[in-house]
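Below, each value reflects all heavy atoms present in this structure, side chains not excepted, and no hydrogens, waters or symmetry copies. A quick note: this is a predicted structure, and the numbers were derived from the prediction, not measured.
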Amino acid sequence: MPTSPLDGPHHSPDETVPRRLSRRALLGGAAALGAGAALTPLGGWSAAAATSGSYAIRYDQAPKQTILGLGFEIQSDSIGSGNNGLPDTVSGVPYDLTAGERARFYRQMLMGGRADRGFRYCRLAMGLYYRGTDPDGKQMTGRYPGQTELLAEMIQQSGIEGTSVEYWSPAPGWKSNNSFIGGSLASFEPGFLAQFGQALVEDLDQLTGHGVPVSMWGLQNEPRFSTAYSSCVYTADQYLATFKAVAPRIRATHPQVMITADSLDGWGGAIGQAIAQDAEALSFLDAWTYHRIGYDSTYQIDHDFNAGALGKTVFNNEFEYLDNQTSDTRTLNTAQSLMNWMTFQNAPTWFWLHALKPTTNAEAPGYSLGYWRPPGDTDFSHFPDIPVGHWDYNPQNWNAVAGFVTYMPWNSVRYAVDESAVLPDQRIMAWRTAGGKPVFAITNRSTTDSFTFTVDTRTAAPFQGHRYGPSTNNATIGTRSGPELTLTVPPLSIEFWVRTP
């Protein structure tokens with residue numbers, strides 16, 4: 001979850017320079033991966049554009065990683081427009097949607113139109129979009145009647161495996177300022193941390209006991225930054241001490257949960273290095289999580305996120321655009337970010353930020369896969385086609401992700417692809433579904449020129465094509481038979497080729 005635009009974002013991918021140095025500027029550079037690391041602005045590659053390439057899918061080799069499935073975040077409570085403050089207003093999804101719109105949201109977006117299941121993980125922002133507390137202000141619960149039950153319904157009806165529970169702030173009773181916004185923990189003494197750890201275990205118990213399963217757990221979102229919405233700041237030493245007090249309790253009581261850190265710089269920042277250098281802490285860590293928000297997809301080609309991972313999984317658990325807008329070029333950049341995290345970093349998952357954002361919030365275009373109109377929004381001069389209690393797609397973002405939700409089901413297994421050249425604007429990724437069906441995705445990020453992929457599929461079987469783009473969703477584009485397919489992809493297009501039957 002990013003800071004308010006008023007705080008000044010780092011580079012957005014359509015810019016060649018940052019608008020101002022800020023909290024977000026710190027997300028790149030040395031804080032990320034050591035000296036020399038830097039954001040590549042979108043379109044920053046200067047090599048002459050290629051118009052064709054040759055590719056061989058290596059189904060004859062051992063597979064790479066298992067792709068578990070994709071994640072999204074749910075805004076189940078209110079936040080101020082521009083991420084400014086925590087309104088008392090009760091507003092969120094699924095709560096604000098009519099019964100029919102809830103069902104459509106589950107089926108069409110969260111399941112990606114599949115008959116079984118689509119997204120695997122739902123990121124749950126504790127202390128932000130799930131910020132009710134007990135009378136002592138030390139235990140999390142739903143803030144309004146039915147919130148937890150609606151989350152349970154959403155998960156059950158859409159087939160989601162579980163939540164990725166992460167704290168934007170712990171309950172105020174544990175904070176130095178008794179507030180969700182800003183501050184730090186009130187103490188880092190062992191006795192205090194032991195009690196705090198038990199409270200976080202009980203938070204998970206409360207969720208699971210009300211039908212909200214938990215698949216992942218993180219101590220703190222972006223722990224270096226204080227923001228105008230829920231946050232809690234940790235130094236590296238404070239985070240390490242807290243993690244060592246809490247993570248063993250999470251492991252003991254919820255052993256199936258993937259424990260992650262640090263939801264910003266992974267192993268590359270001071271917090272990650274503190275964990276990496278502490279054998280006890282490292283033994284409880286399952287995955288390093290990064291925020292490379294809005295970065296050009298070439299960043300994953302140029303940088304090795306596994307170099308210091310010490311055998312742990314790496315993945316990006318938040319992606320969006322911070323300047324309150326999206327674009328046709330970003331549709332392709334988003335798709336390629338997902339692909340390049342998996343192709344070059346062996347990531348098992350990837351998270352877009354929000355499924356839906358409200359029509360009232362300025363940040364919604366850059367953050368959302370779709371929009372919903374809350375009851376309080378009666379200004380139909382914007383989003384005039386979305387009635388109160390209804391939702392619609394944000395196509396430039398949704399179409400970037402939708403094909404992967406539909407055609408890359410849970411536990412697909414990625415295979416290597418030999419490329420005649422690794423090109424920044426034309427990408428390829430291949431996998432087999434858990435049922436063994438071969439699928440590959442190809443992209444063309446050029447805004448002007450078509451690109452011809454010649455792909456050796458190593459099978460004579462037919463493949464059916466499905467095209468996506470800024471204004472195109474799952475257009476059927478015919479069937480081709482292998483083993484060699486010659487596929488000319490128009491500008492700003494994503495294609496999925498699925499073996500049939």
Side-chain angles (χ1 to χ4, degrees), residues 1-9 12-15 19 24 72-110 125 128-129 144 150 154 227-229 293-294 318-334 352-402 468-473 492:
M1 175 72 193
T3 187
S4 165
L6 299 176
D7 294 333
S12 78
D14 290 340
E15 296 171 338
R19 288 189 288 179
R24 284 298 186 192
F72 68 96
E73 188 175 316
I74 194 71
Q75 183 175 326
S76 63
D77 205 340
S78 56
I79 189 171
S81 180
N83 301 319
N84 189 15
L86 305 178
D88 291 334
T89 304
V90 172
S91 178
V93 286
Y95 179 78
D96 284 344
L97 300 178
T98 68
E101 287 296 278
R102 288 174 191 167
R104 187 172 70 89
F105 171 55
Y106 304 156
R107 182 179 66 255
Q108 293 185 4
M109 180 172 283
L110 301 188
L128 176 57
Y129 300 131
Y144 54 85
L150 279 170
M154 179 188 76
T227 62
Y229 53 90
I293 295 167
E318 179 177 324
F319 193 86
E320 78 271 18
Y321 298 96
L322 298 175
D323 57 357
N324 300 354
Q325 58 188 296
T326 187
S327 70
D328 290 356
T329 307
R330 288 177 174 184
T331 303
L332 272 292
N333 187 65
T334 298
W352 178 265
L353 185 61
H354 287 294
L356 301 181
K357 286 287 288 183
T359 54
T360 51
N361 281 38
E363 73 278 7
Y367 284 27
S368 72
L369 300 178
Y371 308 101
W372 94 89
R373 187 178 296 279
D377 185 10
T378 58
D379 179 6
F380 285 87
S381 67
H382 65 175
F383 304 103
D385 297 328
I386 304 178
V388 169
H390 289 238
W391 69 274
D392 201 0
Y393 296 105
N394 180 357
Q396 290 168 314
N397 292 339
W398 168 243
N399 292 345
V401 176
Y468 293 78
S471 58
T472 303
N473 183 278
L492 295 176

Mind checking the [atom1]-[atom2] spacing from [X] to [Y]? Nearest 0.5 Å is all I need.
X	Y	atom1	atom2	answer
D392	I386	CG	CD1	5.0 Å
M154	I74	CE	CD1	4.5 Å
L369	F72	CG	CZ	9.5 Å

Donor-acceptor contact below 3.5 Å, side chain [X] vs main chain [Y]:
X	Y	answer
Q396	R330	no
R102	V93	no
N83	A228	no
S91	S78	no
R373	F383	yes
N399	G469	yes
S76	Y129	yes

* Should the ring pair Y393 and W398 be called parallel, tilted or perpendicular, given that the plane angle runs from 0 to 90° and is split at 30 and 60? -> parallel
Can you tell me if [X] and [Y] form a side-chain donor-acceptor pair at under 3.5 Å?
X	Y	value
T334	Y321	yes
Y367	E73	no
W372	D96	yes

* Just do the side-chain contact (heavy atoms from CB on, under 4.5 Å) check on T326 and N394 with the steps written out, would you? => CA-CA 9 Å; T326 187; N394 180 357; 4.0 Å; yes
* Asked: Would N333 and F319 satisfy side-chain contact (heavy atoms from CB on, under 4.5 Å), going step by step from the backbone distance to the final call?
  -> CA-CA 11 Å; N333 187 65; F319 193 86; 4.0 Å; yes
Heavy-atom pair with the smallest gap, counting every atom of [X] and [Y]:
X	Y	result
P470	L492	CD-O, 3.4 Å
M109	W391	CE-CZ3, 3.9 Å
D385	P387	O-CD, 3.3 Å
F380	V388	CZ-CG2, 4.2 Å
L97	L356	CD1-CD1, 4.4 Å
P365	A362	CD-O, 3.3 Å

* Worked check of side-chain contact (heavy atoms from CB on, under 4.5 Å) between I79 and E363 -> CA-CA 11 Å; I79 189 171; E363 73 278 7; 4.1 Å; yes
* To do: Please tell me if the side chains of T359 and P374 come closer than 4.5 Å, counting only heavy atoms from C-beta onward.
  => yes
* Please assess Y371 against H382 for the test ring-ring contact (aromatic ring centres under 6.0 Å, His included), listing each intermediate value before the final yes or no. => CA-CA 11 Å; Y371 308 101; H382 65 175; 9.4 Å; no
* Asked: Taking it one step at a time, do Y229 and L86 satisfy side-chain contact (heavy atoms from CB on, under 4.5 Å)?
  -> CA-CA 6 Å; Y229 53 90; L86 305 178; 4.2 Å; yes
